[in-house]
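Pasting a structure here, questions to come.
One-based numbering along the sequence shown.
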Amino acid sequence: MKLFEFDVIILNTQGQESKREQRQAEYFTEDLGNTITLEMVLIKSGSFMMGSPENKTEPSDSEIPQRRVNIKQFCMGKYPVTQAQWKAVAGLPQINKELLPDPSDFKGDQRPVEHISWYDAVEFCDRLSSHTKSQYRLPSEAEWEYACRARTNTPFHFGDTITTDVANYNPTDDEEYQLSGSYAQGLKVIYRQETTVVGSFGIANAFGLYDMHGNVFEWCADCWHKNYQGAPTDGSAWIDKNDNQNCDRLMRGGTWVGSKDICRCAYRLGNWSRHLGFHIGFRVVYAGAV
């Protein structure tokens, strides 16, 4: 394990930076060949309140009941999987299905790969595991939210607000769904209408993870359930035993085309596991001994 330094910020209610700190985190690097690497950040074990409080006005019915979840230590990708990383792993021997080497709509080696189905993401993990002789997989939904929050309990790891200065999302108002684009009035906002290079905002959460809000949705291992009634509390993926291959799957993190509300730590969305979109990518978890 090595150490890296990164900046963490807190935004005030007007969306302006009110606090900045420099932190350190542990990570290791996986060599994918041809100078392409995958940085995996250590996420230490802990517990947190998953979901949204029922007395808040913001949560949907899918984000309740809020409950305490215990998480075991793991490592997570510092960024969403990039197009360069995807091409490297897609070139490895097939395990269960074919992978297109260049599926993304918005081209760029350091942009997140998109147009990825859940099955594509699982095949990537399987090929990476076979190549490295290590266990790589998609995160459980609980692991993803724990990693995103990084010991915060606010809607975003930045605090109660988010702006286009710190994340890539759609800041315009959506009258059809009654979604407002910005928490703070009077700020200059930018709707980029495409993905951005991973880590380009230069700001991580307190665990050292970048782009947890916006840019691309990220697949999780879990089957979709309409709420948290009966959900596990040990951090494991919630899989339907009778339909574990055909169920709808979870996506987290928001997207460049989605509103700020969709970027919240607690926001969750189910989607057909074969669905492809120019707003859907993923990041990986290393589940081996660290």
is_close_aromatic(Trp118, Phe282), centroid dist under 6.0 Å: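 No.
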If you round to the nearest 0.5 Å, how far is OG of Ser236 from CG of Asn70?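 Nearest 0.5 Å value for the CG-OG distance: 11.0 Å.
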Has Trp144 got a side-chain atom pairing as donor or acceptor with Met251's backbone, closer than 3.5 angstrom?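 It does not hold such a pair.
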More than 12 heavy atoms of other groups within 6.0 Å of Glu98 CD: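 No, CD of Glu98 has 12 or fewer neighbouring heavy atoms, counting only those of other groups under 6.0 Å.
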Any idea which heavy atoms bring Asp222 and Trp238 closest together, and the distance?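 Minimum heavy-atom separation between Asp222 and Trp238: OD2-N, 2.8 Å.
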Between Ser104 (side chain only) and Glu114 (backbone N and O only), is there a donor and an acceptor less than 3.5 Å apart? yes
Residues Leu38, Val284; criterion side-chain contact (heavy atoms from CB on, under 4.5 Å); working and verdict: CA-CA 10 Å; Leu38 177 67; Val284 296; 3.9 Å; yes
Can Ile36 be reached from Tyr286 by stepping across I, L, V, M, F, W or Y side chains whose heavy atoms are under 4.5 Å apart?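 Yes; Ile36 is reachable from Tyr286 via cluster members.
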Between Asp211 (side chain only) and Gly199 (backbone N and O only), is there a donor and an acceptor less than 3.5 Å apart? yes
Shortest non-hydrogen separation from Ile162 to Ala167 and the atoms involved: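 Scanning both residues, the minimum pair turns out to be CD1-CB, 3.6 Å.
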Test log, rule side-chain contact (heavy atoms from CB on, under 4.5 Å), inputs Leu99 and Gln94: CA-CA 8 Å; Leu99 294 176; Gln94 177 177 328; over 6 Å; no
Do Lys226 and Asp61 pass the side-chain contact (heavy atoms from CB on, under 4.5 Å) test, and can you show the C-alpha distance, the side-chain angles, and the key distance before you say yes or no? CA-CA 8 Å; Lys226 65 181 181 180; Asp61 291 340; over 6 Å; no
Verify same cluster id: Leu269, Ile262 (apolar side-chain graph, 4.5 Å):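 In one cluster with Leu269: Ile262, yes.
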Please indicate whether Asp234 has more than 12 foreign heavy atoms, meaning atoms of other residues, nucleotides or ligands, lying under 6.0 Å from its CG.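 Yes.
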Is the closest side-chain heavy-atom distance between Leu11 and Asp165 below 4.5 Å? no
Check Gly281 against Val216 and note the closest heavy-atom contact, atom names and distance.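 That closest heavy-atom pairing would be N-CB, 3.9 Å.
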Between atom CE of Met212 and atom CD of Glu145, what is the distance when rounded to the nearest 0.5 Å?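 Taking CE in Met212 and CD in Glu145, the distance rounds to 10.0 Å.
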Tell me, do Glu218 and Leu138 make a side-chain contact under 4.5 Å, heavy atoms counted? no
Note: Ser52 and Ala266 closest approach over all heavy atoms is OG-CB, 3.3 Å
Using modelled atom types and a 3.5 Å cut-off, is there a donor and acceptor pairing between side-chain atoms of Asp160 and backbone atoms of Thr13? no
How far does OG1 of Thr233 sit from CE of Met50, to the nearest 0.5 angstrom?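 Result: 11.0 Å between the selected atoms.
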Indicate whether the side chain of Glu30 and that of Tyr136 have a donor and an acceptor atom separated by less than 3.5 Å.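 Side chains of Glu30 and Tyr136: pair found under 3.5 Å.
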Is it the case that one hydrophobic cluster holds both Trp224 and Val69, taking links as side-chain heavy atoms less than 4.5 Å apart, direct or via other members?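 Unlinked, Trp224 and Val69 end up in two clusters.
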Looking at Lys97 and Asp120, is there a salt bridge between them, counting it only when a charged N and a carboxylate O are closer than 4.0 Å? yes
Enclosure of Asn153 CG (heavy-atom neighbours >12, cutoff 6.0 Å):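 Count not over threshold, so no.
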Check whether any side-chain N or O of Thr164 sits under 3.5 Å from a backbone N or O of Ile190 as a donor-acceptor pair, and report yes or no. yes
Would a 4.5 Å heavy-atom cut-off, applied to side chains only, mark Tyr228 and Arg67 as touching?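 Yes; the side chains approach each other to less than 4.5 Å.
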For a 4.5 angstrom cut-off between non-hydrogen side-chain atoms, does His115 reach Asp105? yes
Students often mix this up, so state it plainly: with edges at 30° and 60°, are the rings of Phe6 and Phe4 parallel, tilted or perpendicular?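 Rings of Phe6 and Phe4: tilted, 30 to 60°.
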Drop me the distance from Leu128's CG to Leu32's CG, to the nearest 0.5 angstrom. 6.5 Å
I'd like to know if the side chain of Arg252 and the backbone of Cys220 have a donor-acceptor N/O pair within less than 3.5 Å.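 Here the side-chain-to-backbone pair does not exist.
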Considering non-hydrogen atoms only, spot the tightest contact between Gly258 and Tyr169 and give its length. O-CB, 3.5 Å
Close side-chain approach of Val197 to Thr82, heavy-atom, < 4.5 Å: no
Looking only at side-chain N and O atoms, does Arg151 offer a donor or acceptor that is under 3.5 Å from a partner on Tyr146? yes
Assign the ring pair Phe278 / Phe106 to parallel, tilted or perpendicular, where the plane angle (0 to 90°) is split at 30° and 60°.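 Answer is tilted, since the angle falls between 30° and 60°.
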Give a yes or no answer on whether the side chain of Ser18 reaches the backbone of Ile10 with a donor-acceptor pair at less than 3.5 Å.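 Answer holds: yes.
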Can you tell if the side chain of Phe201 reaches within under 4.5 Å of the side chain of Tyr210, non-hydrogen atoms only? no
Do the side chain of Glu143 and the main chain of Ile71 share a donor and acceptor less than 3.5 angstrom apart? no
How far apart are the closest heavy atoms of Asp31 and His131, and which atoms are they?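 Of all heavy-atom pairs spanning Asp31 and His131, the closest is O-NE2, 4.2 Å.
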Any side-chain heavy atom of Asn271 sitting closer than 4.5 Å to one from Ile280? yes
Without swapping roles, check the side chain of Arg23 against the backbone of Phe207 for a donor-acceptor pair under 3.5 Å. no
How many angstroms lie between atom SG of Cys263 and atom CZ of Phe158, to the nearest 0.5 angstrom? 9.5 Å
Please report the interatomic distance CD(Glu26) to CE(Met1), rounded to the nearest 0.5 Å. 6.0 Å
Are Lys107 and Asp102 side-chain neighbours, meaning at least one heavy-atom pair lies under 4.5 Å? yes
Is it true that the side chains of Asn168 and Asn215 contain a donor and an acceptor less than 3.5 Å apart? yes
Parallel, tilted or perpendicular: rings of Phe156 and His213 (30°, 60°):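 Because their plane-to-plane angle is over 60°, the rings of His213 and Phe156 count as perpendicular.
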Does the disulfide (SG to SG under 2.5 Å) test come out yes or no for Cys265 and Cys148, once each step is laid out? CA-CA 6 Å; Cys265 296; Cys148 179; 3.6 Å; no
Distance-only, no hydrogens or angles: does the Thr152 side chain make a donor-acceptor pair with backbone N or O of Arg149 under 3.5 Å? yes
Verify side-chain contact (heavy atoms from CB on, under 4.5 Å) between Ile116 and Trp86, making sure each step is shown before the conclusion. CA-CA 10 Å; Ile116 300 300; Trp86 174 268; 3.6 Å; yes
Would a hydrophobic clustering, with Ile, Leu, Val, Met, Phe, Trp and Tyr connected at side-chain separations under 4.5 Å, put Tyr27 with Phe74? yes
